[in-house]
Amino acid sequence: MHCLTRRAGLRLGLALALFVPALPAAADFKLALVDRQRALISSDKGKEAEKTLTQLQDKKKKELEPRSNACKKIQEDTESQKFVMSDDALQEKAIEYQRCGRDLERDVQAAKDELVVAQQKLLAPIAKKLEEVVTGIGKEKSFDLILDRSTPGVLYSPEALDVTDLVIKRLNGN
């Protein structure tokens, strides 16, 4: 235990020794924050991409709905007729229901994968443009560092540091 305390003290001392000389330079340090997620989905192209993704998602739901209903019907028929069916017929219906559920689950996963690919395809060019805009703003305004506000490392920041609205305007070409 004593060894751990000693190590922690040495680390703290080393960190302070490295930090103290940088204090005068910190006064000139310019920092800004951007909420990348908000910038992506609030930009005109981001809204278009989200609309396209929603349409694709609705299309996939409509395609899978009849299959889901067919599986439910098999289960309902089995439940309603289980007392009049033979054991072999009941077992056959159970196998049919399992097969239907397995096929439906596979198709649902394929649809999800397709949506992820479409999302990446639609958002990649916007994200690249966002990076260019943020870099341009950083150079133009002489920021030393621009952080993503939506990352877990940013616990607090004053609104004055947030340049997300400026990024959205530039993304939209204004």
Show the atom names and distances, to 0.1 Å, of all donor-acceptor pairs under 3.5 Å that link a side chain in residues 79-91 to residues at least two apart or in another chain.
| unit_1 | atom_1 | unit_2 | atom_2 | d |
| --- | --- | --- | --- | --- |
| E79 | OE1 | K82 | NZ | 3.4 |
| S80 | OG | E76 | O | 3.2 |
| S80 | OG | D77 | O | 3.1 |
| S86 | OG | A89 | N | 3.2 |

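- Side-chain contact between R99 and R102: present, with at least one pair of heavy atoms (C-beta onward) separated by less than 4.5 Å.
- Checking side-chain atoms of D44 against main-chain N and O of N172 turns up no donor-acceptor pair under 3.5 Å.
- Residue pairs meeting the side chain to side chain donor-acceptor pair (under 3.5 Å) criterion with at least one member in residues 126-142, sequence neighbours excluded: K128-E132, E140-R170.
- To the nearest 0.5 Å, the span separating SG on C71 from CD on E96 amounts to 9.0 Å.
- L53 is not connected to L40 by any chain of hydrophobic side-chain contacts under 4.5 Å among Ile, Leu, Val, Met, Phe, Trp and Tyr, and they are in different clusters.
- A continuous path of Ile, Leu, Val, Met, Phe, Trp and Tyr side chains, each step under 4.5 Å between heavy atoms, connects L123 with V134, placing both in one hydrophobic cluster.
- Side-chain atoms of D35 do not come within 3.5 Å of backbone N or O of T164 as any donor-acceptor pair.
- Residues meeting the salt bridge (charged side-chain N to carboxylate O under 4.0 Å, His left out) test with R67, sequence neighbours left out: D107.
- Note on residues 109-124: pairs passing salt bridge (Lys or Arg N to Asp or Glu O under 4.0 Å), not counting sequence neighbours, are K60-E114.
- Linking Ile, Leu, Val, Met, Phe, Trp and Tyr residues whenever their side-chain heavy atoms come within less than 4.5 Å leaves L166 and L33 in two separate clusters.
- One finds a salt bridge joining R106 and D103 here, because a Lys/Arg side-chain nitrogen approaches an Asp/Glu carboxylate oxygen to under 4.0 Å.
- In terms of the side chain to side chain donor-acceptor pair (under 3.5 Å) criterion, residue partners of D165 (sequence neighbours excluded) are, by chain and number, R38.
- Here CD of E50 is found 11.0 Å from CG of L122. Values are rounded to the nearest 0.5 Å.
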**Study point:** From CA spacing to verdict: side-chain contact (heavy atoms from CB on, under 4.5 Å), L171, K45
**Key:** CA-CA 8 Å; L171 271 174; K45 293 199 188 260; over 6 Å; no
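- Residues satisfying the side chain to side chain donor-acceptor pair (under 3.5 Å) criterion with Q55, sequence neighbours excluded, are absent altogether.
- Atom CG of L161 and atom NZ of K30 lie 10.5 Å apart (nearest 0.5 Å).
- Of the inter-residue distances, the one linking T78 atom OG1 with K73 atom NZ reads 10.0 Å to the nearest 0.5 angstrom.
- Summarising the geometry of F143 relative to I137, their closest heavy-atom pair is CD1-O, 4.0 Å, with the distance given to 0.1 Å.
- The cluster map of Ile, Leu, Val, Met, Phe, Trp and Tyr, joined by side-chain heavy atoms under 4.5 Å apart, puts I74 and L104 in different clusters.
- Closest heavy-atom contact between I168 and A39: CG1-CA, 3.6 Å.
- Put simply, L130 and I126 are part of the same group of oily side chains (I, L, V, M, F, W, Y) that touch within less than 4.5 Å, one to the next.
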Exercise for review: Begin from the C-alpha positions of S68 and K72 and carry the test side-chain contact (heavy atoms from CB on, under 4.5 Å) through to its verdict.
Suggested key: CA-CA 6 Å; S68 177; K72 285 179 187 174; 3.9 Å; yes
